[in-house]
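Here's the structure, in structure tokens; my notes come after.
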Amino acid sequence: MANQSPDITKEKELIAAYKNSGDLTVLGQLFQPYMHLVYGLCLKYLKDRDESQDAVMQIFEKLVTAVKSHNIDNFKSWLYVLSKNHCLMQLRSQKYKVRKQSEDISEINMESELLVHHNDEAIDEENISKLEMCIEKLQNEQKTCIELFYLEKKSYKEVVALTSYNLKKVKSYIQNGKRNLKNCMESNSE
Amino acid sequence: MSKQGNHITTLTPELIEQYMKGELSHADMHEVEKLMLNSDFEAEAMEGFEHIEPEEMHKDLSSLQDRILVRTEQRSRNIPFFLKIAATLIILAVSTFLVIEFIDTPATTEQITQAEEEAPPQTFEIEEEQEPAEESPEVPSTTSASEAGQETKDETIAMLESEQKNEDVKKDRSEVKKPVSDAPEVKSVEVDDAIAEPEVNIAMEEVADEESLFMDKVEEAEATRESASRTRAAKAKKGAPVAAYRSTNDNVITGKVKSAEDGSPLPGVNVIVEGTTTGTVTDIDGSYRISIPFDADSTLVFSFIGLASQSVDVSGQSILDVEMDAETQQLSEVVVSGYGVEADQEVSDDYYAASPAIGWSEYRTYLEENVNYPEGKSDKGKVVVKFKVGVNGTISNFDITKSMGEAFDNEAIRLIKEGPQWSPAKRGDLSIEDTVRIKVKFDPED
């Protein structure tokens with residue numbers, strides 16, 4: 001049960017029901033499955049536990065009006081963007097500098113601050129030949145990491161152990177590699 | 001935790017905890033990592049949790065759940081909101097109403113309180129009138145004014161304040177002067193002519209007050225009784241102190257107040273002993289008579305709305321005539337608003353309203369002389385123009401508060417725009433922006 005992917009249709013029903021009734025318990029049901037993600041996100045930016053908890057409540061308050069007035073396609077990504085923006089605004093008003101993670105920024109989809117399309121895209125693992133070709137084209141480190149992670153299904157820890165790259169680098173290679181592969185795949189299909 | 005098949009499809013708090021504690025198998029870890037790669041949301045959340053202990057995460061999440069639960073159980077959010085607005089509006093309306101009431105009818109209040117306040121404020125006795133015998137509070141207050149002793153008391157106590165309702169004597173309006181509000185007005189009404197005569201005839205036509213007129217009549221009806229009982233009450237309160245005054249050798253001043261401009265008598269002028277609440281009002285001939293308490297400063301303050309107040313030292317004198325000039329700030333031409341500014345100077349320290357550089361008097365003259373009547377019109381009336389005087393004296397933001405139609409309004413604005421310069425308002429030494437209202441009169445006969 002715990003690991004079922006969110007039932008998109010059920011969510012849409014909840015959203016519609018809330019729009020109609022304004023019933024907060026419905027909104028609560030909508031929000032509940034993602035509450036921990038929102039909290040974690042706030043923790044990442046705000047660092048402070050109490051502040052983050054308050055932020056979660058503030059974000060919920062925002063939902064009360066925002067869900068009614070927006071057209072939401074994918075609740076999870078919409079909530080993600082909303083929460084992240086809230087945290088960033090908060091930081092801005094506190095005049096903190098946002099620590100940029102060493103992660104590849106492309107991982108963060110900054111296309112628009114508003115509604116974002118669902119950006120979960122799994123690599124098309126069926127197009128294997130294309131993929132193999134693209135992998136060959138990758139830089140060594142990226143290639144290594146990608147292969148270890150995706151093809152051999154290793155965890156980060158294992159990859160680190162096997163390559164002696166440090167964790168951050170491993171993550172970085174994998175993300176950059178992934179992006180390059182995507183570009184490569186897309187350009188190939190053109 | 002339980003999985004469906006081999007795939008972990010969402011990141012639950014339990015998974016997060018396990019991942020952080022390293023309790024997952026490599027395969028599972030891989031799955032989690034893959035998930036995070038695919039979803040920024042999960043990735044960032046995980047990053048956030050890396051900074052806290054799993055126990056803390058547990059605690060925080062359950063506390064959050066409780067808070068959400070509490071929040072979602074608060075129903076009817078929109079309705080109270082609406083009610084709040086409604087309530088706020090009602091309160092505003094009521095307070096505005098009350099404010100207006102207070103501003104408009106302080107007179108009434110005063111009048112009414114006069115009856116009650118007879119005693120507390122210091123009253124004043126006229127020695128001549130005294131008949132010491134009458135002190136005792138036991139004097140029966142029956143109504144009839146004919147008890148001379150009683151009358152005297154009444155009189156003395158009542159007297160001097162702003163008014164006197166005297167049914168035998170010509171009763172005119174009781175003048176209710178705000179400035180003299182501390183002087184207890186009163187009524188002592190029934191007074192024998194003989195005794196009353198030397199008293200003040202108060203006939204202030206100037207500040208005729210409907211209320212007082214009405215009260216006069218009422219007084220007539222039951223005046224004696226009331227005043228008598230009031231006086232009694234007053235006396236009861238005063239008791240000895242009254243006697244004390246009586247026996248003191250107060251300084252009695254008399255005199256006449258005239259206008260400096262034409263020498264005509266000024267009735268209704270307040271005459272107060274500085275530093276006390278003892279005062280009187282000039283009668284129809286402009287005459288007054290006042291006793292200065294023994295232990296008070298012998299300075300009299302003469303004041304009247306529209307005229308410049310005067311303080312005069314009277315030590316050693318017993319007759320003092322005064323001439324009063326018009327006040328340079330013409331309140332009649334400046335409408336005082338509740339929050340604006342204007343010629344009202346009694347507010348806080350060191351505040352000076354904006355004024356024409358050439359002075360109000362000259363400015364008025366300018367307005368009167370330069371009015372250009374709109375073509376073909378001969379209406380009589382006034383236009384009130386409100387505008388801002390900036391810190392440099394520049395004027396802007398013209399707004400018509402009282403209109404006589406476009407033609408007149410425009411002429412009024414033109415007059416002001418093309419008119420003399422303005423000096424900005426000041427607070428202490430600092431120039432500040434201010435709002436001014438000017439009443440422009442249109443009178444075809446001017």
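We name chains A, B, ... by the order of the sequence lines, and we start the count at 1 in each one. Because the structure is a prediction, the values reported are computed rather than measured.
Note: A/H36 NE2 to B/Q65 CD = 10.5 Å, rounded to the nearest 0.5 Å. Rounded to the nearest 0.5 Å, atoms OG (B/S63) and CG (A/D50) are 9.0 Å apart. To the nearest 0.5 Å, the span separating CD on B/E44 from OG on A/S83 amounts to 10.0 Å. Interatomic distance, A/Q32 CD to B/L64 CG, rounded to the nearest 0.5 Å: 9.5 Å. Between atom CD of residue B/E50 and atom CG of residue A/L43 there is a gap of 11.0 Å, rounded to the nearest 0.5 Å. For the atom pair CD of A/Q53 and CG of B/D60, the computed distance is 4.0 Å after rounding to the nearest 0.5 Å.
Counting all heavy atoms, side chain and backbone alike, B/R71 lies closest to A/V64 at NH2-CG2, 4.4 Å. When every heavy atom of B/I68 is checked against every heavy atom of A/M35, the shortest pair comes out as CG1-SD, 3.9 Å. In plain terms, the two heavy atoms of A/K157 and B/G22 that are nearest each other are NZ-CA, 4.5 Å. Shortest non-hydrogen contact noted between A/L41 and B/F41 is CD2-CE2, 4.0 Å. Shown here for A/K178 and B/L37, the closest heavy-atom pair between the two residues is NZ-O, 3.0 Å.
Considering only heavy atoms from C-beta on, A/R49 comes within 4.5 Å of B/I52 through its side chain. Two residues are said to be in side-chain contact when any heavy atoms from C-beta on lie closer than 4.5 Å; B/E42 and A/K76 meet this criterion. Counting heavy atoms from C-beta on, the side chains of A/F31 and B/T72 never come closer than 4.5 Å. Considering only heavy atoms from C-beta on, A/K44 stays 4.5 Å or farther from B/F49 through its side chain.
Ring geometry for B/H30 versus A/F149: interplanar angle of 30 to 60°, hence tilted.
Shown here is A/K169, whose NZ atom has no more than 12 heavy atoms of other residues, nucleotides or ligands within 6.0 Å. Counting non-hydrogen atoms of other residues, nucleotides and ligands closer than 6.0 Å to CD of B/E406 gives a total of 12 or fewer. For B/K59, the NZ atom counts as loosely surrounded, since its 6.0 Å shell holds 12 or fewer non-hydrogen atoms of other residues, nucleotides or ligands.
By the 4.0 Å N-to-carboxylate-O rule, A/D54 lies close enough to B/R67 to be salt-bridged with it. Between A/K154 and B/E33, no side-chain nitrogen of the basic residue sits less than 4.0 Å from a carboxylate oxygen of the acidic one, so the salt-bridge criterion is not met.
Using a 4.5 Å cut-off between heavy atoms, A/Y156 contacts chain B through both its backbone and its side chain. If you measure heavy-atom distances from B/I16 to chain A, the contacts under 4.5 Å come from the side chain alone. Residue A/V26: no heavy atom, backbone or side chain, is found under 4.5 Å from chain B. Interface remark: A/L27 contributes no atoms to any contact with chain B (heavy atom separation under 4.5 Å).
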